[in-house]
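Report on the structure given below.
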Amino acid sequence: MEQFILALDQGTTSTRAILFNHKGQVVQTEQKEFTQHFPKPGWVEHDANEIWESSLEVMKNVMTKSDINSSQIAGIGITNQRETVVVWDKQTGKPIYHAIVWQSRQTDEICEQLKSEGYEDLFSAKTGLVIDPYFSGTKVKWILDHVEGARNKASQGDLLCGTIDSWLIWKLSGGKKHVTDYSNASRTLMYNIYELQWDDELVDILNVPKSMLPRVCPSSEIYTTTSSELLDGYPIPICGVAGDQQAALFGQACYKQGMVKNTYGTGCFMLMNTGENAVKSSHGLLTTIAWGIDGKIEYALEGSVFIAGSAIQWLRDGLKLIKQTSDCEDYARKVESTEGVYVVPAFVGLGTPYWDSDVRGAIFGLTRGTDKTHLIRATLESQAYQTKDVLMAMEADAGILVNTLRVDGGAVQNNFLMNFQSDILDVPVERPIVSETTALGAAYLAGLAVNYWKDQDEISQNWCLDQSFHPSMNENMRNKLYSGWKKAVRAAMAFK
Ligand code: G3P
């Protein structure tokens with residue numbers, strides 16, 4: 001009977017299960033959106049139980065829909081929204097607070113305090129990250145500081161914490177395994193990415209007991225199996241884990257130093273493989289672990305844009321300008337340009353290269369003639385401008401010119417955006433046939449662990465181009481548009 005790999009892609013707004021075959025093709029997909037909680041301006045939270053239920057549901061449904069049983073699944077790969085943390089009670093298995101989402105700004109004050117105490121260089125030297133509410137460490141501290149009785153329980157060893165991968169593995173294994181992988185650990189602000197261990201000094205500063213932290217494992221190995229009562233009785237190996245952006249880099253087969261991918265999801269994340277060198281950034285990028293496989297750790301340089309696809313959701317759900325996100329392309333094409341309108345979607349601050357968590361979204365250049373088409377187009381274009389900000393920082397840090405950009409994620413089906421992206425970067429953009437590269441990367445990591453795929457060379461051969469987009473905009477226009485964007489960002493940052 002044919003065997004498959006099941007990828008569980010637990011993203012910021014939805015959970016998906018995707019079944020892949022040996023050619024790396026999508027056989028079946030199942031998706032479920034879940035509730036976003038915004039308890040205060042700038043705060044974003046999820047119900048960790050709802051995440052777990054949605055995960056189990058999509059896994060079951062994808063199997064039913066494709067009429068396969070669990071013995072036909074050679075392994076499960078998990079990829080997840082990164083940095084989002086859950087703290088749960090070891091005995092009851094219940095989260096003690098909502099999961100605090102990567103986008104959430106509720107630890108702003110903690111971060112400001114850490115900065116004022118002069119810790120920026122220390123954290124950056126050990127973790128490759130910057131002190132920002134984005135990362136997990138300050139979120140765990142916030143939960144322990146704000147939930148009644150939590151500190152006490154934590155010091156008695158009754159609480160566990162972890163990113164979403166840890167939470168899901170713990171649930172899938174029936175509470176047996178508390179693990180994470182290198183790529184997820186590297187986003188916590190507590191993991192030393194050079195010494196490959198939880199850093200005593202940093203966890204002390206954040207006041208997080210080490211007993212709460214998961215064991216850090218390679219990104220591809222058999223961690224455990226699914227608890228037999230969960231998926232029709234047959235325990236399936238859970239054998240691949242990576243944070244979603246690192247998984248996308250893996251799924252895009254960016255295995256050589258200097259290869260770059262950009263994923264357009266809730267946010268937009270560009271990663272460059274830097275091999276075994278952890279390149280330190282002087283332009284606002286992050287140094288992060290791409291994956292650890294067979295005892296070898298590889299690193300990446302990362303540019304993180306917090307709001308990309310979620311700005312399109314805002315057009316749909318907040319402003320109600322569109323019915324569905326795919327309507328954007330038609331609207332954007334109805335006008336020749338935005339006529340000078342810029343949308344800076346800094347709803348939760350700005351990441352790379354600005355790292356300003358106080359700035360908020362702004363719209364510039366409105367005239368009496370501005371209508372919804374201009375606003376929609378400007379919101380789409382903001383994804384391309386933010387990507388250019390990141391690419392310029394990346395080229396400056398790595399000292400090389402990026403000659404092609406591999407793209408993936410939902411928005412890459414938008415040909416208007418891909419053309420504009422190529423124009424504004426002046427770099428060809430390549431879209432692969434399988435644009436679900438995040439899930440694919442997790443599937444590959446799982447498949448390698450159980451010899452479903454032999455090695456990375458075999459995987460690379462599965463990568464197939466769907467379409468490339470070549471720049472055709474003249475230089476004057478490109479420079480004019482981009483300098484308008486920079487002016488808009490500066491103005492937004494000045495308005496606080
Ligand atoms: O670091 C946050 C990132 O992992 C979220 O990814 O796909 O939900 O935009 P996504």
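We use all heavy atoms of the structure for the numbers below, so side chains are in, but hydrogens, waters and symmetry mates are not. Indexing begins at 1, ligand by ligand and atom by atom, following the structure's order.
- Listed by number with element, the atoms of ligand 1 under 4.0 angstrom from any heavy atom of Y134 are 1 (O), 2 (C).
- For T29 and R16, the side-chain atoms include no donor-acceptor pair closer than 3.5 Å.
- Aromatic ring orientation, Y255 versus W291: perpendicular (interplanar angle above 60°, classes split at 30° and 60°).
- The distance criterion of under 3.5 Å between nitrogen or oxygen atoms is not met by W102 with respect to ligand 1.
- For ligand 1, one of its N or O atoms has an N or O atom of E83 under 3.5 Å away.
- Contacts with ligand 1 closer than 4.0 Å are made by no heavy atom of R187, backbone or side chain.
- Residue K40 places its NZ atom among 12 or fewer non-hydrogen atoms of other residues, nucleotides or ligands, all under 6.0 Å distant.
- Within a 6.0 Å sphere centred on NZ of K126, heavy atoms belonging to other residues, nucleotides or ligands number more than 12.
- Of all the heavy atoms of T266, the ones lying under 4.0 Å from any atom of ligand 1 are found in both the backbone and the side chain.
- Near T12, meaning under 4.0 Å from one of its heavy atoms, ligand 1 places the atoms 5 (C), 8 (O), 10 (P).
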Note to self: If you apply the rule side-chain contact (heavy atoms from CB on, under 4.5 Å), what do you find for N419 with F416, and how did you get there?
What the structure shows: CA-CA 5 Å; N419 271 318; F416 163 80; 6.0 Å; no
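- Residue G267 places a heavy atom less than 4.0 Å from ligand 1.
- Near D244, meaning under 4.0 Å from any of its heavy atoms, are these atoms of ligand 1: 3 (C), 4 (O), 5 (C), 6 (O), 7 (O), 8 (O), 10 (P).
- Below 30°, between 30° and 60°, or above 60°: for F135 and W355 the angle between ring planes is between 30° and 60°, a tilted geometry.
- Atom CD of E109 has 12 or fewer neighbouring heavy atoms from other residues, nucleotides or ligands inside a 6.0 Å radius.
- Between Q81 and ligand 1, no pair of N/O atoms sits closer than 3.5 Å.
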